[in-house]
Amino acid sequence: MKLKINFLISLLITLLFVLSFTGCDFTKDNNSSETKPSKENEFTSDASLSDNADQKSSSDANSSDSFIEEPITHSTVSFLACPDNLIHPCIYYDAIERAAQNNNTEPTYKDLHNAQYDFSPIYKNVKDIIAEADIAYLNQESLIGGSSGSVYGYPCFNTPNAMGETVVDVGFDIINVAHNHMLDSGNTNYLTHCNDFFESRDVDVLGCYPNAESTNNIKIIEKNGIKIAFLTYTYSTNGITLDSKNPFVVPFFDEELIRKQVQIAKENSDFIIASCHWGNENTHTLNSFQKNQAEFLCELDVDLILGMHPHCIQPMEWKTSPTGKKILVVYSLGNFVSGMDRGINNLGCMLSLDIKKDLQTNEVTIAEPQVIPFVNHYTKAEKVANDDKGYRNYEVYLLKDYTEELAKIHGAHSYEAQNGTTLEGGAFSKQNLLNTFYKYIPAEFYYPIS
């Protein structure tokens with residue numbers, strides 16, 4: 001009997017021992033349909049997670065590889081050029097009236113050096129375009145001359161400091177002063193004040209050379225790893241000459257000066273822009289001087305020729321240098337802001353392009369050149385002074401945003417009524433502004449207008 005009991009106990013122990021390795025689960029909750037995982041299931045679950053993690057890690061690695069950035073092969077500088085900012089008296093009388101309206105006071109037209117001005121509405125529609133460019137150029141044709149002479153208009157301009165402050169606020173980086181009005185003070189007083197005014201506000205100035213040695217110090221601006229040299233030349237100073245004791249150098253189209261400066265630019269920069277004040281006023285037709293000087297600069301292998309002065313737009317073209325380089329020649333961008341009367345005087349263009357450097361070959365080229373047309377808009381009002389044409393409400397509009405309704409009230413109609421029309425197609429209208437733009441600017445440079 002004792003043996004039988006011992007045998008049964010041994011059998012039970014053996015059975016329990018075997019069952020413990022069969023995976024049978026005694027932990028199931030009778031009140032639940034859910035079964036807790038066994039150790040074996042836990043191990044299997046961990047292994048699956050591990051496999052999934054490995055797969056995810058591999059997937060992430062592949063995903064990461066797919067988003068690896070391509071190596072940078074080019075560097076780019078965006079460049080914008082605006083033409084003649086020529087401030088006639090009607091423009092600063094308009095700014096005085098706007099400032100008085102802002103201050104809820106009566107405008108006063110005396111003591112123009114210390115008057116309150118608001119020029120900002122003129123540029124509000126194009127300010128963003130100017131500010132967005134890496135380098136924005138302006139031909140400031142009426143000098144910010146300071147208090148050594150009266151604030152004055154044509155023929156010897158002296159523009160209030162407030163306009164200079166607005167030019168800086170709008171976002172221009174480089175100002176050209178080499179033009180036919182650069183000696184309007186009869187000496188270099190206006191020129192010096194204008195140069196110092198902008199340079200003190202970290203805006204570079206072209207064309208102010210205090211002496212012969214300074215003509216070696218050409219402006220070179222480095223941006224995004226690209227060195228851009230700016231040269232500037234004028235055909236005239238309206239017959240005004242400097243006293244022989246004055247060491248200032250006017251950068252005329254002098255072959256020796258141009259050759260020297262282009263060579264300096266080639267040795268110290270990647271790209272050369274030549275600003276050229278030339279041509280006949282109020283005509284779309286190029287003269288022989290423009291053609292000859294453009295050919296000469298192309299022979300010297302500059303990269304961009306930027307023309308100013310005719311006060312209306314003129315053609316543009318690609319030329320090829322002796323080395324095979326494509327050179328963009330822009331003969332005239334017209335006016336930016338002025339008090340001039342003709343329809344053609346009030347259609348201007350901004351030149352927008354990218355200067356692109358191949359970081360492998362160091363070749364620098366022009367990419368995506370576009371011409372952005374705009375309208376210098378103003379209306380006709382009563383005159384307040386003898387030098388006032390009565391033009392008011394100055395505002396620059398992109399041509400794509402200009403309307404026939406605005407064109408109908410443009411002050412140019414008062415000129416046309418007495419002197420005839422100048423736009424292609426006839427009277428001042430948006431359509432005839434478009435006609436003129438399309439006639440003289442090649443289609444490959446069109447900025448989207450509609």
Side-chain angles (χ1 to χ4, degrees), residues 83-93 95-96 109-115 117 119 138-168 172 174-201 203-215 217 219 232-254 257 275-278 281 308-309 311 335-340 385-389:
D84 306 352
N85 208 43
L86 187 58
I87 310 306
H88 291 85
C90 52
I91 301 174
Y92 45 79
Y93 293 141
I96 287 173
Y109 307 102
K110 296 181 180 179
D111 190 15
L112 294 177
H113 276 299
N114 297 305
Y117 297 94
F119 293 105
L138 176 68
N139 183 52
Q140 183 60 44
E141 189 152 356
S142 58
L143 297 179
I144 312 300
S147 59
S148 63
S150 300
V151 171
Y152 203 74
Y154 181 83
C156 294
F157 291 87
N158 182 9
T159 295
N161 282 350
M163 172 53 77
E165 297 289 2
T166 301
V167 164
V168 174
F172 286 104
I174 191 159
I175 303 295
N176 180 59
V177 297
H179 44 62
N180 56 309
H181 290 288
M182 67 186 299
L183 298 182
D184 274 3
S185 58
N187 47 41
T188 54
N189 289 349
Y190 292 178
L191 180 63
T192 300
H193 182 272
C194 191
N195 179 80
D196 294 348
F197 179 93
F198 285 115
E199 292 278 0
S200 69
R201 290 157 176 80
V203 175
D204 288 295
V205 178
L206 301 179
C208 188
Y209 297 112
N211 51 52
E213 185 179 356
S214 66
T215 61
N217 301 325
K219 291 289 181 181
T232 185
Y233 307 101
T234 181
Y235 80 104
S236 170
T237 54
N238 293 342
I240 302 173
T241 58
L242 293 175
D243 184 278
S244 59
K245 296 180 181 180
N246 193 320
F248 265 76
V249 175
V250 174
F252 289 118
F253 282 89
D254 175 80
L257 174 65
S275 177
C276 298
H277 210 78
W278 57 11
E281 295 185 6
M308 304 286 153
H309 175 66
H311 306 306
N335 284 339
F336 193 26
V337 174
S338 83
M340 298 182 75
N386 291 334
D387 59 355
D388 181 19
K389 293 182 178 181

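These numbers were taken from a predicted model, which means no experiment stands behind them.
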Could you tell me the separation between the [atom1] atom of [X] and the [atom2] atom of [Y], rounded to the nearest 0.5 Å?
{"X": "D184", "Y": "M182", "atom1": "CG", "atom2": "CE", "answer": "10.5 Å"}
{"X": "F336", "Y": "H311", "atom1": "CZ", "atom2": "NE2", "answer": "15.5 Å"}
{"X": "T237", "Y": "L183", "atom1": "OG1", "atom2": "CG", "answer": "5.0 Å"}
{"X": "D204", "Y": "K219", "atom1": "CG", "atom2": "NZ", "answer": "4.5 Å"}
{"X": "S214", "Y": "N211", "atom1": "OG", "atom2": "CG", "answer": "4.5 Å"}
{"X": "M163", "Y": "N161", "atom1": "CE", "atom2": "CG", "answer": "11.5 Å"}

Provide the closest heavy-atom pair for [X] versus [Y] in the form atom of the first, atom of the second, distance.
{"X": "V177", "Y": "C208", "answer": "CG2-N, 4.2 Å"}
{"X": "G207", "Y": "A178", "answer": "CA-CB, 4.0 Å"}
{"X": "C90", "Y": "K389", "answer": "CB-N, 4.1 Å"}
{"X": "Y190", "Y": "G149", "answer": "OH-CA, 3.4 Å"}
{"X": "V203", "Y": "I174", "answer": "CG1-N, 4.0 Å"}
{"X": "G153", "Y": "Y92", "answer": "N-OH, 3.6 Å"}

| task | Determine the interplanar angle of the Y154 and F157 rings, folded into 0 to 90°, and report it as parallel if under 30°, tilted if 30 to 60°, perpendicular if over 60°. | result | perpendicular
| query | Parallel, tilted or perpendicular: which describes the rings of H277 and H309, with under 30° parallel and over 60° perpendicular? | reply | tilted
Taking [Y]'s backbone N and O only, do any of them form a donor-acceptor pair with [X]'s side chain (distance below 3.5 Å, no angle check)?
{"X": "N335", "Y": "V337", "result": "no"}
{"X": "T192", "Y": "N189", "result": "no"}
{"X": "S142", "Y": "I87", "result": "yes"}
{"X": "S338", "Y": "M340", "result": "yes"}

| query | Taking everything shown except Y235 itself, do over 12 heavy atoms lie less than 6.0 Å from its OH? | reply | yes
Is any side-chain heavy atom of [X] less than 4.5 Å from a side-chain heavy atom of [Y]?
{"X": "P251", "Y": "L257", "answer": "yes"}
{"X": "L242", "Y": "T188", "answer": "yes"}
{"X": "F253", "Y": "W278", "answer": "yes"}

| request: Would you please test T159 and N85 for side chain to side chain contact (heavy atoms under 4.5 Å, CB included) and show each step? | output: CA-CA 10 Å; T159 295; N85 208 43; over 6 Å; no
When you check the side-chain N and O atoms of [X] and [Y], is any donor under 3.5 Å from an acceptor?
{"X": "D243", "Y": "N246", "value": "no"}
{"X": "N176", "Y": "T232", "value": "yes"}
{"X": "D387", "Y": "Y93", "value": "yes"}

| remark: When E141, H181, Q140 are each screened for side-chain contact (heavy atoms from CB on, under 4.5 Å) with D84, the one that passes is E141
| query | Hey, mind stepping through F252 and Y233 against ring-ring contact (aromatic ring centres under 6.0 Å, His included) and telling me if it holds? | reply | CA-CA 5 Å; F252 289 118; Y233 307 101; over 10 Å; no
| task | Could you walk me through whether N158 and H113 pass the side chain to side chain contact (heavy atoms under 4.5 Å, CB included) test, one step at a time? | result | CA-CA 10 Å; N158 182 9; H113 276 299; 3.9 Å; yes
